[in-house]
Every structure is written in structure tokens, then in C-alpha cells.
Amino acid sequence: MPQQGYGYPTPAVTYQQPPGGGAGTGPGTGGGFRLTRTELRMIVSAAVAVVLILGAGIWYSAGRSDTTGEGGAGPTAHPTPGTSALNAHEKAPDDPDSKVSFTVPKPAATDLHSVGASWLTGSVYAVAGIQQIVGYDLDTGTKRWTVALPGDVCAASPHVSADGKAAVVFDGAPRTKDSAPQACTRVGVVDLGTGRLLWNKTVSHPGGDEGISFDGVTQTGDTVAAASTGGGAGFDLDTGAFRWKPQTSADDDCRDNGYAGGDLLVASRQCGSGDDAQVSVENLNPTTGATLSSYKMPPGVQDVHTVSTDPLVVAADVGGTGHQGVSDFFSLDARTGKLKAKISAQGATYAADCTGDAMEGCADVLAANGRLYLPTDAHDAGDGKALDETNEIVSFDLSTGRSTSQRADSGDGWTSRLIRLDGPDLIAYKTGPYNKGGQIVSIDGSTFRQTTLMRNPSDEATRDKESDFVASGSEVRFGDGRLFLSQDYVDKPRDADDAAEPMVMAFSTH
């Protein structure tokens, strides 16, 4: 049985997809106009900003509290996920004490803008800004290149091709306070090496001219796949040529609501509507979009999020009983579509967060080495100090669903969240007591022995800035002794102190 964990309930925001159509196979069909989940998040964030301006004194962020660095489910170049035969690349430095290598100031904003996309390659750190993507030198923060866009970035591929290409979804025109014209309608590919937008396209609803608003985008090999509650489309990575589009059919009322890439291309497919809706997880042929295998999720499931495509592990909130968007993890056989094991995550027990917009929007959870790795929710450290909390990272067998004896303690006053894989090992970001900077540690996938890779400064000014990123739901990228924290959103500054806060903060042990 799953190991009992600890923790306190924390509020989570989930956005369920609107009901869709009927049954069938192949690329999904389209529908009428709908707000994307990205737009909904921005609306919520804007409302929260108003509350802050009014002096409520409570900070809240609807952004993700994680994505990964160079080997997990966040926008960055990475080794093949889930393959324990790969060697770990991260090595402990002679001196793990880091310094702030550079910061990037917030861009001048008069309204709320989504900037929640970043990539880390061997030569550049790239991050979205207002109507642009900028590549920075890894050590100095000098601008290497700028890609101008007609609107803000809405979604980004969690994968980068071997030759440095990454897919994005962005607005076709600037948003205003009163409208969001062409919101999230353009799909394109950026060359992160040269800083060029190689191509970009819109996709019309079947039988109509209005462009589909996409929730997420991913890539597998030389295929880019973008999906929405109105259906999905596939493109050639290099040319943008269509591989499939949303289709309409009298006897096929289904749609691809989400895609997850990496080693395999997996779709979340909905057929039917309302209480009769049926969601399936489908392994697709990335060239044609044809279904290779399929697993029907339990009734009532609306959103499916992937932890990994190889091994194939998905998360869902069954019956609305989940914590942060997940009640159960499903370990599937990608070849046959059969269920291997189900792992319960009921209650406020584990810190995995699967409330992200895209199908690959699961944070703080990894799958590799035949295991599912989860941090427990933070709980009292048990030393009598009320403010000292801690957590542990535990694992489950993906074949049986049973908990294992593996356990990595964060230490009193420290909490760990999973960032990405490094071959068979886990990379975790630890935040500590009020007077300590954060740490990056590597956890051996077999022995669970922890090795410190980075130890951030503990002076008050640096510590406070790092804590602000952690509290506001920043993206985290780590690789080769460099850590990058970036905000998900920027808005009109509330005051001078807010305006002075950076959008990006970079640490280095070099």
C-alpha cells in the first residue's frame, strides 16, 4: 500500500476543460470559441493583482511552482526521460558555494503579461519577455539574441530537439485591457542557437476561419504537436508543414485535448460531453497522429497530465478528490495500452502539482528506474520549533504500485521539490530556514544518497530575492553548476520596490 505521508492542505486552482464531442480515433475535432486555460490563469492572476493593489496583503500566484531544468518536464534541452541506462552528467564542484551571476530586470509593463517560458541549453539561457524571447549568455547575462513576436508567449515545448529547436505558442496580436485578439493562436519554432523564429502558423477551426487558441505545445522527434479544447494539430518541426489538423465528422465527435512529447507522443483524447465524456490516454504515431494504443481513464476524469511518456505515467483527479489536481497516478504499458499499476495520492499527502495548463503540466514528480518519485507535503519537523517544516522524497514501484523503502530526508527546516532527472539520478531544489539560501542536490536513483551541487548565498538581500521567486511560483532551470529562476508573469509595478524586483535571477558555482 502507498506509504502515508504528511502535510497540510494548500489551496490549488484547477481549470477543467469544457465538455467536448463523441467517439472516434485519429486527430481531434474542433469546436466554437473558448477561453484557453492560459487565458483563464491570466484572468485569475489579474484579479489577484487587483486584490494586492487594494492592500489585502496576501500574495498569490497561479503560476507553476516548478518546471524542470535540463532533464524533465519543463521547457529545456534534456536527456531522454525515464531511461536509467543514461549516465548522470552533473558533478559536485570542488566548492558548491554559489554567487549571483546576473539578474534580468522586469520589463516595463502597463498590464499583465505571461512570461512563463524558459529554456536552458549548453550555450544559452532563453526566456520569454513582453512580445519577445531573449537569449542570454550563461555566465554574464549579456543578450545573445532577441526574437520579436507579435504577442506574448502562451505555452512552450518542454523539449528541445538535438539541434536546438523548441516549439512555442504565442498571441497573434498584443492584448489590451479590454480584449485578447488572436490569443494563443500562433504555433511556431525557435532556433535557440541562432535566435531565429523559423516558422509560425495558425490553425482554423474545421469549417470556419477563426484561429484555434492552443493550451499547450510539445514535440517528439521531428514532430510538433499543439492541442486545445478545440482539437489538436501536428506539424513538421523544420518546415511547419501540417501532419494533421482538427477534423469534423458526423460520427466522430472526439478531440485531442492535450499532447505530451519526449520519447513518445501521447494524447489526452476526449469523446462525448458532460457526464458521458470519456477521456483516453493514447500513444500516437508522431508522423501521422494515428493511435497505436489506448487506455480509457475512469469516468468523470476531465484533465489528464503526464509525468513521463517513457515510462508512460499519467496523473488525474478522479472524482474531484485530488490534492493539487491529482488523486491517482496511472502506470501504463505504452505498447498495449494496459494498466500496470495505480498509485493513490489522496489527500494533502504529496507535493506533486498537476494543475498546469498543458498535458505536461505536472510538477514535483518524476518517473524513472521503474519508480515514481514524489516529495511529501511539508510537515512539522518535530523538533518543537513551530516554524520548522520539512519533507521527504519517497518512491513507488511502477509495476506494482507499492511504496518502496527509498526515502530521502530534506533535513529539519528544509523542504525539497523535484526539478528534473539527470540520467538515473534526481535533481532537487531545497529551500531552507529563513536565514539560509537555497540548495541544489543530486539524489542517487538507486541508493538515495544526496550530493550537494549548489549552495546559494545566505546574506539577507540575496536570500530575500530568492525567497520571492520561490513564493511567487517561478520556473526553475539547473544545469552544469548554473541555476536560473524566472517569474511566470509580470504586471504594472505596485510600487518602487516591486519595480526593482528582477524577472530573472541566476546563480553559478563557476
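Throughout, numbering of the chain's residues begins at 1 and tracks the sequence. If you're wondering where the values come from, they're calculated on a predicted model, not measured in any experiment.
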Val313 and Leu398: CA distance, side-chain angles, deciding distance, side-chain contact (heavy atoms from CB on, under 4.5 Å) verdict: CA-CA 8 Å; Val313 182; Leu398 288 176; 3.8 Å; yes
Candidate pair Trp145 and Val124, rule side-chain contact (heavy atoms from CB on, under 4.5 Å), full reasoning: CA-CA 10 Å; Trp145 47 257; Val124 70; 4.1 Å; yes
Salt bridge (Lys or Arg N to Asp or Glu O under 4.0 Å) between Lys338 and Asp333, worked out: CA-CA 5 Å; Lys338 293 183 178 180; Asp333 186 317; over 6 Å; no
Pair Glu360-Thr306, side-chain hydrogen bond (donor to acceptor under 3.5 Å, both in side chains): steps then yes or no: CA-CA 5 Å; Glu360 289 173 305; Thr306 54; 4.8 Å; no
side-chain hydrogen bond (donor to acceptor under 3.5 Å, both in side chains) assessment of Ser486 paired with Ser474: CA-CA 5 Å; Ser486 62; Ser474 64; over 6 Å; no
Tyr350 vs Val326, side-chain contact (heavy atoms from CB on, under 4.5 Å): CA-CA, chis, key distance, verdict: CA-CA 10 Å; Tyr350 303 105; Val326 54; over 6 Å; no
Worked verdict on Arg477 versus Arg482 for side-chain contact (heavy atoms from CB on, under 4.5 Å): CA-CA 8 Å; Arg477 304 283 177 260; Arg482 300 178 181 93; over 6 Å; no
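Between Leu485 and Tyr429 the shortest side-chain heavy-atom distance falls below 4.5 Å. Looking at heavy atoms from C-beta onward, Leu374 lies in side-chain contact with Phe329 at the 4.5 angstrom threshold. Residues Leu366 and Leu426 form a side-chain contact, since some pair of their non-hydrogen atoms from C-beta on lies under 4.5 Å apart. Within the 4.5 Å cutoff, no side-chain heavy atoms of Val279 are placed close to those of Gln302. Proximity of Phe330 to Leu339: side-chain heavy atoms (C-beta onward) are separated by under 4.5 Å at one or more points. Val153 is not listed as a side-chain neighbour of Ser114, based on a closest heavy-atom distance of 4.5 Å or more. Within the 4.5 Å cutoff, no side-chain heavy atoms of Leu192 are placed close to those of Lys165. Annotation: side chain of Met297 is in contact with side chain of Val304 (closest heavy-atom distance under 4.5 Å).
When all heavy atoms of Ala428 and Ile393 are compared, the pair lying nearest together is CB-CD1, 4.3 Å. Nearest heavy-atom pair across Tyr136 and Arg144 is C-CG, 3.8 Å. The minimum heavy-atom distance between Val187 and Ala226, with the atom names listed, is CG2-CB, 3.9 Å. Across all non-hydrogen atoms, the minimal contact from Asp163 to Asp191 is O-OD1, 4.5 Å. Scanning all heavy atoms of the two residues, the minimum distance from Ala88 to Pro424 falls at N-CD, 4.0 Å. For Trp244 against Asn285, the heavy-atom pair with the smallest separation is CZ3-O, 4.4 Å.
A side-chain donor-acceptor contact under 3.5 Å links Asp236 to the backbone of Asp238. Checked by atom type and distance alone, the side chain of Asp310 never pairs as donor or acceptor with a backbone atom of Asp263 at under 3.5 Å. Here the side chain of Thr218 pairs no donor or acceptor atom with the backbone of Tyr259 at under 3.5 angstrom. In terms of modelled atom types and a separation under 3.5 Å, the side chain of Arg420 and the main chain of Phe478 share a donor-acceptor contact. Gln270 contributes no side-chain N or O that, together with a main-chain N or O of Arg255, makes up a donor-acceptor pair within less than 3.5 Å. In this structure a side-chain-to-backbone donor-acceptor pair under 3.5 Å is missing from Trp199 to Ala241. The backbone N or O of Gly231 sits nowhere less than 3.5 Å from a side-chain atom of Asp256 that would complete a donor-acceptor pair. Side-chain atoms of His305 come within 3.5 Å of backbone N or O of Cys354 as a donor-acceptor pair. For the pair Lys296 (side chain) and Gln278 (backbone), a donor-acceptor distance under 3.5 Å is absent. Under a 3.5 Å cut-off, the side chain of Ser118 and the backbone N or O of Ala126 do not form any donor-acceptor pair.
For the residue pair Ser157/Gln219, the side-chain donor-acceptor check at 3.5 Å is satisfied. There is no side-chain donor-acceptor pair under 3.5 Å between Asp480 and His89. Side chains of Thr146 and Gln132: no donor on one and acceptor on the other come within 3.5 Å. Between the side chains of Gln131 and His113, no donor-acceptor pair is found at a separation under 3.5 Å. Under the 3.5 Å distance criterion, with hydrogens and angles disregarded, no donor-acceptor pair is assigned to the side chains of Thr291 and Ser294. Counting only N and O atoms by type, the side chains of Arg243 and Thr223 include a donor and acceptor under 3.5 Å apart. No side-chain donor-acceptor contact under 3.5 Å links Glu282 and Ser293.
Note that CG of Asn200 and CG of Leu149 are 8.5 Å apart. Values are rounded to the nearest 0.5 Å. Considering CG of Leu332 and OG of Ser308, their distance stands at 11.0 Å, rounded to 0.5 Å. We find the OG-CD1 distance between Ser395 and Ile443 to be 10.5 Å, quoted to the nearest 0.5 Å. For the atom pair CE (Met503) and CZ (Phe469), the distance works out to 8.5 Å, reported to the nearest 0.5 Å. How far OG of Ser228 is from CG of Asn257: 7.5 Å, rounded to the nearest 0.5 Å. The CG atom of Asp317 lies 8.0 Å from the CD atom of Gln346; values are rounded to the nearest 0.5 Å.
For Arg371 and Asp397, the salt-bridge test passes: some basic side-chain N is under 4.0 Å from an acidic carboxylate O.
Of the residues listed (Thr185, Thr202, Asp171, Val169), the one engaging Ser213 in a side chain to side chain contact (heavy atoms under 4.5 Å, CB included) is Thr185, and it is the only one. Test Val147, Leu197, Val217, Ile133 against Phe170 for side chain to side chain contact (heavy atoms under 4.5 Å, CB included) and you get one pass: Leu197.
Annotation: cation-pi geometry not satisfied between Lys245 and Phe235 (NZ/CZ under 6.0 angstrom from ring centroid, within 45° of ring axis).
In this structure, Lys340 places its NZ atom where more than 12 heavy-atom neighbours from other residues, nucleotides or ligands lie under 6.0 Å away.
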